[in-house]
Amino acid sequence: MSQLKRLAGQTAVYGISSILGKTINFLLLPIYTAYLDKEALGSFTAIYAFIAFLNIVFTYGMETTYFRYATGKGLDPQKVFAQIQSLLITSSISLGAIIYLSADPIAFWLGYEGEAHLFRWVAWILAIDAVMAIPYAKLRKENKALTFAVTKLGNILLNVIFNVFFIVLCFHVWKGDIFSSLQPIVKSFYRSDWGVDYILLSNLLANALMLPLLFKLAGKFSFGIDKNFIQPMWHYAIPLLFMGLAGVTNEVFSRGLFEYLLPENFYEGLTSRQAGGVFGANFKLAIFMNLVIQAFKYAAEPFFFNQSTDKNSPELFARVMHAFVIFCSILMVMISVNLDILGALFLRGEGYDSGLFIVPVLLFGYLFLGIYFNLSIWFKLTDQTKFSFYITLAGAAITILVIFLLVPVWGYMGAALSTLACYLSMSVICYTYGQRFFPIPYQTGKAVFYLFLAFALSYFGFYLEFEIPVLQFILRNGLVIAFVIVVLFFEKENLQKLGISIKKKKP
């Protein structure tokens with residue numbers, strides 16, 4: 001149990017920082033929905049979906065490759081870091097330059113004529129993000145969870161500060177509501193017609209300010225690319241690129257293409273881009289599940305590689321998966337039954353709560369993304385990353401099929417179902433092949449039972465309504481307690497074993 005405790009401890013550090021960071025960042029949602037119109041929020045939703053997709057292209061699996069070759073191949077970790085970092089710097093500048101120089105046609109193609117500056121800023125954001133990826137991975141590999149967490153929080157705080165400055169403070173000074181003496185200065189640079197522009201600019205400034213600090217924390221390295229040294233890493237990484245693309249394919253197609261696939265006037269009083277803003281705002285509520293998965297990933301990836309040589313690692317991986325499923329299932333029910341409260345807190349603009357009904361589906365989809373991450377360890381440890389390509393193709397095909405078939409018919413729910421269909425199918429395929437090549441004794445029956453019971457309770461609680469708000473709150477959250485009781489009943493034997501294990505360790 002010591003390994004699980006260590007994993008739990010590091011996940012807690014990453015989790016606390018992620019929760020704090022995402023909570024701070026999430027506070028921007030009420031600002032966006034209050035100060036920006038639905039069209040600006042629709043632009044934000046679409047552009048950041050493409051950024052998420054291109055982030056994977058810019059890093060092309062090199063984070064996982066760094067962990068693999070810096071821990072389990074008998075190579076000098078510092079040389080591995082230097083080579084991969086040099087490669088990423090070179091490729092990021094090259095790819096960034098392509099987007100920067102193509103900003104005008106990209107803006108025209110995506111329907112942002114006259115706003116090419118948005119995509120020039122996107123190019124810089126992507127390049128800086130990619131260059132920072134391996135220094136962040138190095139901190140994780142060296143178990144510097146606290147340093148990692150503090151720098152991540154610093155980046156998020158800077159982003160929030162710039163957003164508040166441009167979108168809130170400058171707006172009120174420009175109108176003359178506050179600090180009227182500063183109005184001439186603010187009017188010299190403030191653009192009242194900018195919306196998503198200030199979101200991108202804030203992101204770019206925050207990243208640029210954090211880059212020197214992160215380089216200093218990661219330590220010095222000699223720039224250079226040894227073709228023979230880097231070649232096997234390249235072959236290992238390229239299939240992971242496709243695996244990474246699978247993780248964001250759904251987001252790109254559901255959020256990035258939503259406005260292009262939704263028929264005009266599908267939702268009364270909303271253009272397709274405005275409806276995309278509503279969808280994107282509700283999509284963000286699924287962040288509560290995503291941040292847990294992200295925290296787990298930060299801690300688990302180096303943990304899995306470090307434990308890979310232990311003969312008991314399959315049993316350990318199975319216990320990790322089971323604990324993950326239980327925790328995330330409880331979280332899904334807890335969030336779903338309280339969506340009315342969360343919606344009132346974070347969706348400040350009028351009409352945004354009309355999309356709350358899709359959030360349980362999105363939470364379920366993200367939960368399967370976390371399961372897929374657990375399952376994918378088999379092809380990373382056996383160096384058969386080519387399977388990520390096959391699984392990606394299947395997931396992408398299902399995503400595209402669902403998006404094109406259901407969004408024109410079901411709107412928000414059609415896009416949400418694409419998330420679930422993509423990650424569920426990828427998990428099933430990965431599990432099937434994984435058990436052939438790297439058998440792990442997962443408690444599959446119990447896990448499936450917990451997952452679908454949690455999903456059923458999530459929607460039952462979401463639609464459970466009473467005239468008395470206090471009674472409604474108690475009964476809805478009673479479903480969370482009921483689910484926990486069911487889990488405790490079925491996990492009685494495991495809990496007893498854990499109790500025996502702890503007692504044996506006492507002096």
Side-chain angles (χ1 to χ4, degrees), residues 20-52 107 110 112 114-122 124-126 128-129 152-210 255 259 270-271 273-285 287 342-353 355:
L20 284 174
K22 295 291 185 182
T23 300
I24 294 169
N25 210 10
F26 199 60
L27 293 176
L28 291 173
L29 184 58
I31 293 174
Y32 293 161
T33 53
Y35 282 85
L36 304 179
D37 57 32
K38 290 185 176 68
E39 185 162 340
L41 205 57
S43 299
F44 163 68
T45 299
I47 290 174
Y48 268 87
F50 289 117
I51 286 176
L110 293 177
Y112 293 88
E115 298 179 281
H117 63 279
L118 296 177
F119 299 96
R120 294 190 181 96
W121 292 347
V122 165
W124 279 106
I125 290 169
L126 288 166
I128 295 173
D129 272 347
K152 280 285 186 181
L153 280 174
N155 194 334
I156 290 168
L157 281 171
L158 284 171
N159 186 41
V160 170
I161 289 169
F162 284 123
N163 270 277
V164 172
F165 173 74
F166 288 120
I167 295 174
V168 180
L169 185 61
C170 287
F171 171 75
H172 286 292
V173 173
W174 175 77
K175 285 186 66 179
D177 298 334
I178 57 174
F179 306 126
S180 56
S181 61
L182 299 175
Q183 193 176 37
I185 299 173
V186 171
K187 281 187 173 181
S188 67
F189 67 84
Y190 180 73
R191 293 277 302 270
S192 60
D193 58 325
W194 277 13
V196 69
D197 314 66
Y198 283 128
I199 298 175
L200 287 167
L201 181 59
S202 298
N203 190 341
L204 174 57
L205 292 174
N207 281 9
L209 289 174
M210 188 56 62
R255 290 191 285 173
E259 66 176 86
L270 296 176
T271 66
R273 182 164 291 179
Q274 289 171 337
V278 174
F279 176 70
N282 283 277
F283 202 105
K284 272 188 166 291
L285 290 178
I287 202 171
L342 294 172
L345 285 173
F346 296 108
L347 304 178
R348 309 297 293 180
E350 183 181 350
Y352 284 101
D353 58 355

Completion exercise
By side-chain contact (heavy atoms from CB on, under 4.5 Å), Ala40 pairs with (sequence neighbours left out) Leu36, Asp37
Fill in the blank from the handout: Closest non-hydrogen atoms of Leu158 and Met210, given as atom of the first, atom of the second and distance, are CD1-CE, 4.1 Å
Exercise for the section: Nearest 0.5 Å please: distance from the CH2 atom of Trp194 over to the CG atom of Leu201. Expected result: 6.5 Å
Fill in the blank from the handout: In terms of heavy-atom contacts, Gly176 and Gln183 come closest through N-NE2, 3.4 Å
Handout entry: Close side-chain approach of Leu205 to Phe165, heavy-atom, < 4.5 Å
Key = no
Handout entry: Phe50 and Val122, any side-chain heavy atoms less than 4.5 Å apart
Key = no
Exercise for the section: Kindly say whether Val278 contributes a backbone atom to a donor-acceptor pair with the side chain of Asn282 at under 3.5 angstrom? Expected result: yes
Practice task
Ignoring hydrogens and angles, state whether a donor on the side chain of Asn163 or Asn159 is under 3.5 Å from an acceptor on the partner side chain.
Solution key: yes
Fill in the blank from the handout: Applying side-chain contact (heavy atoms from CB on, under 4.5 Å) to Tyr190 and not counting sequence neighbours gives Cys170, Phe171, Trp174, Val186, Ser192, Tyr198
Practice task
Would you indicate whether the side-chain heavy atoms of Val168 and Tyr35 approach each other to under 4.5 Å?
Solution key: yes
Practice task
Mind checking side-chain contact (heavy atoms from CB on, under 4.5 Å) for Ile161 and listing every partner two or more places apart, or none if nothing turns up?
Solution key: none
Practice task
Output the distance between atom CD1 (Ile47) and atom CG (Asn203), rounded to the nearest 0.5 Å.
Solution key: 11.5 Å
Practice task
Can you run down the salt bridge (Lys or Arg N to Asp or Glu O under 4.0 Å) pairs that involve residues 193-210, sequence neighbours left out, and say none if there aren't any?
Solution key: Arg191-Asp193
Completion exercise
The reported gap from NZ in Lys175 to NE2 in His172 (rounded to nearest 0.5 angstrom) is 7.0 Å
Practice task
Could you tell me which residues satisfy side-chain contact (heavy atoms from CB on, under 4.5 Å) with Leu204, sequence neighbours excluded, listed by chain and number?
Solution key: Trp121, Trp124, Ile125, Ile128
Exercise for the section: With the side chain counted from C-beta on, respond yes when Leu200 and Tyr48 share a heavy-atom pair under 4.5 Å apart, and no when they do not. Expected result: yes
Handout entry: Partner set under salt bridge (Lys or Arg N to Asp or Glu O under 4.0 Å) for Asp177, not counting sequence neighbours
Key = none
Practice task
Flag the pair Phe119 / Tyr112 as yes when at least one side-chain heavy-atom distance between them is below 4.5 Å, and no otherwise.
Solution key: yes
